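Please read the structure below before turning to the comments.
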Amino acid sequence: MKNRPNVIARILVPVFCLSLLLCGCSTSKFGRNHAFDPNHIVFRAGALSDIHQNLSNVDNNSLKMVAALKQLENMSGGKLDAVMAAGDLTDSATKDEVGQFRNNYLRCFDPKDVTLVYCMGNHDARNETYETLKTYPEMFGPEFFLTDQEDSVINEGNRHCIVNGIHIITVMPENFAVYGEVVMGERTLKWLDGVLARITAEEPGKPVFVLTHAMPYDTCYGSDLKLGDSKNKLGWYSKDLLDVLCKYNQVITLSGHLHFPLNDERSIMQTDFTALGCGSVRFMAIENGNFEDMRSETVMKDCASFSQGLYIEVDIYGNTRIARMDFYNGGTIKEDWIIPAPKADGSHLTVYGKDRADNPAPEFSKGGSVKKNADGTLTVEFAAATDDDLIHDYSVFVCDKAGKELRRFNILADFYHYTDPKDMKGSYSINIGEYDPAAISIKVVARDSWGNECEESIVP
Ligand SMILES: [Ca+2]
């Protein structure tokens, strides 16, 4: 009898150890249903795009890069693990510009402690031989590539890195240098499919970050922007990525290229995977809405008063929390986004879908007025509309008394300047030119990000 506990132990201990071995995943909490746990974070990273280093002081590009890195480090409490850069590290891919990027990075971080994982943007690949795919790694040095795995093809821009157990992948299109719609090509897609299949089979409950400079088509804000009108048509999105990405619901894409503001809630979009815009560190752009007071069709006159990016955390359950960083104003934009840990049934993809478009329309409440100026022109003034989120833009219509439209002015609202939409300006005014006040009527329309709108009439 006295030997019985030993006998039981001899049987149970190996069984227990064997079951632990067979269910290696049993010690991992990834993929469990659990609220985001700020006390158990396993991965802290910045996600930046369009840093556009340039030797001249244009847009304060060098200072903006350093400020962004320092603010990311502060957000992490000095524990940043990685910086993920979604392309356009430089303006024109010269040695000096890469040197400036590298020096600024080294001013803030040791790449052995804080990994830099970057994909190439169109500005990084401006020659048709893609020589920079080889010269970038040479200029950065091997200490910048310590987390690349055996299946990384660094000289082709297709990389697989692991940082604190989190997988980060970069992909390189085949046609950045020749313009047109961004095409990844069979070689890259086959490589991506193989890597994603392997790592998601082994660790289905972990998010996987995929860096692609151009957006996957028809996902987040700007990802359906049409080709430019110039001779060298610049493509803004990649369609051929979708067939691969849609197979892996763990994927979180990080993209740039557009420079669109992260204040807009469409900057995160979940379809069969999750897509994120990363904004731009150096300057902002917007869709061509024929807006007033622009420098070009898609760039505002105040585009340089802007610098944004993302701060990302993953917890032990595989939940991902994202803070939108306003580096220019030194703050975080609105509420954090939280992507639940990946589930086989895709239930984690129901938080930030296109159905968010179904939300309250803006409202006008304070009215407006029309004033005659000394030079005979008229100025329309109106109080800002309110919304459950923010007003994206306004249109002012000048109509005749029968309601026929004579002229239309589009005004981009100032939402991109503020971390809190409550700080947006309270009124707008626009000079509509010379009209007989008695012969016209004015209609103002306010729109939110999703195209929900309201209108009010102003009697001249
Ligand atoms: Ca709304």
Side-chain angles (χ1 to χ4, degrees), residues 215 218-225 258-271 274-279 284-293 298 300 302 306 308 310 321-326 329 331-340 349-368 380-397 408-430 442-458:
M215 304 253 168
D218 195 20
T219 54
C220 49
Y221 184 27
S223 61
D224 57 353
L225 197 70
L258 291 160
H259 300 221
F260 279 16
L262 299 173
N263 315 61
D264 193 303
E265 296 299 321
R266 293 172 291 173
S267 301
I268 182 171
M269 193 63 75
Q270 294 185 304
T271 51
T274 304
L276 288 169
C278 294
M284 186 187 131
I286 200 83
E287 68 268 33
N288 181 1
N290 292 312
F291 297 120
E292 297 294 313
D293 212 25
T298 56
M300 313 86 60
D302 59 2
F306 180 90
Q308 294 187 353
L310 302 174
R321 181 166 73 175
I322 300 145
R324 287 169 275 179
M325 304 288 295
D326 180 337
N329 294 303
T332 54
I333 297 164
K334 294 191 277 182
E335 300 291 316
D336 291 348
W337 292 322
I338 296 179
I339 304 166
L349 296 173
T350 58
V351 187
Y352 301 105
K354 291 184 177 179
D355 56 351
R356 288 174 295 157
D358 184 12
N359 70 61
E363 287 179 11
F364 278 116
S365 57
K366 292 179 182 168
V380 175
E381 289 184 355
F382 57 95
T386 55
D387 186 64
D388 60 318
D389 178 30
L390 54 78
I391 306 296
H392 184 278
D393 60 271
Y394 294 91
S395 294
V396 176
F397 296 91
R408 171 179 177 158
F409 300 87
N410 299 313
I411 302 168
L412 182 65
D414 60 342
F415 65 92
Y416 49 90
H417 281 314
Y418 303 101
T419 56
D420 185 342
K422 287 190 178 69
D423 296 328
M424 290 169 65
K425 63 184 179 185
S427 65
Y428 289 81
S429 68
I430 185 153
I442 303 291
K443 183 175 79 176
V444 185
V445 173
R447 279 176 215 91
D448 67 12
S449 292
W450 306 90
N452 299 309
E453 55 184 48
C454 68
E455 66 175 68
E456 73 174 359
S457 296
I458 300 174

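Position 1 is the first residue of the sequence, and the numbers go up from there. Heavy atoms only: backbone and side chains are in, while hydrogens, waters and symmetry mates are out. Quick caveat, the model's predicted, so the values are computed rather than measured. Read the numbers this way: they start at 1 and go in the same order the structure lists the ligands and their atoms.
- Within the 4.5 Å cutoff, no side-chain heavy atoms of S365 are placed close to those of T386.
- Checked against E265 for a side-chain contact (heavy atoms from CB on, under 4.5 Å), the options D389, D448, N359 give a single hit: D389.
- Taking the Ca ion (ligand 1) as the apex, the angle formed with OD1 of D388 and OD2 of D387 is 70°, to the nearest 10 degrees.
- For P360, the nearest N, O or S atom to the Ca ion (ligand 1) falls under 3.0 Å.
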Verdict with supporting geometry, I391 and R447, side-chain contact (heavy atoms from CB on, under 4.5 Å): CA-CA 6 Å; I391 306 296; R447 279 176 215 91; 5.9 Å; no

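- The Ca ion (ligand 1) has no N, O or S atom of N452 under 3.0 Å away, backbone or side chain.
- Of the candidates F415, Y416, W450, F260, H392 forms a ring-ring contact (aromatic ring centres under 6.0 Å, His included) with just one, namely F415.
- Closest to the Ca ion (ligand 1) among the N, O or S atoms of D448 is OD2.
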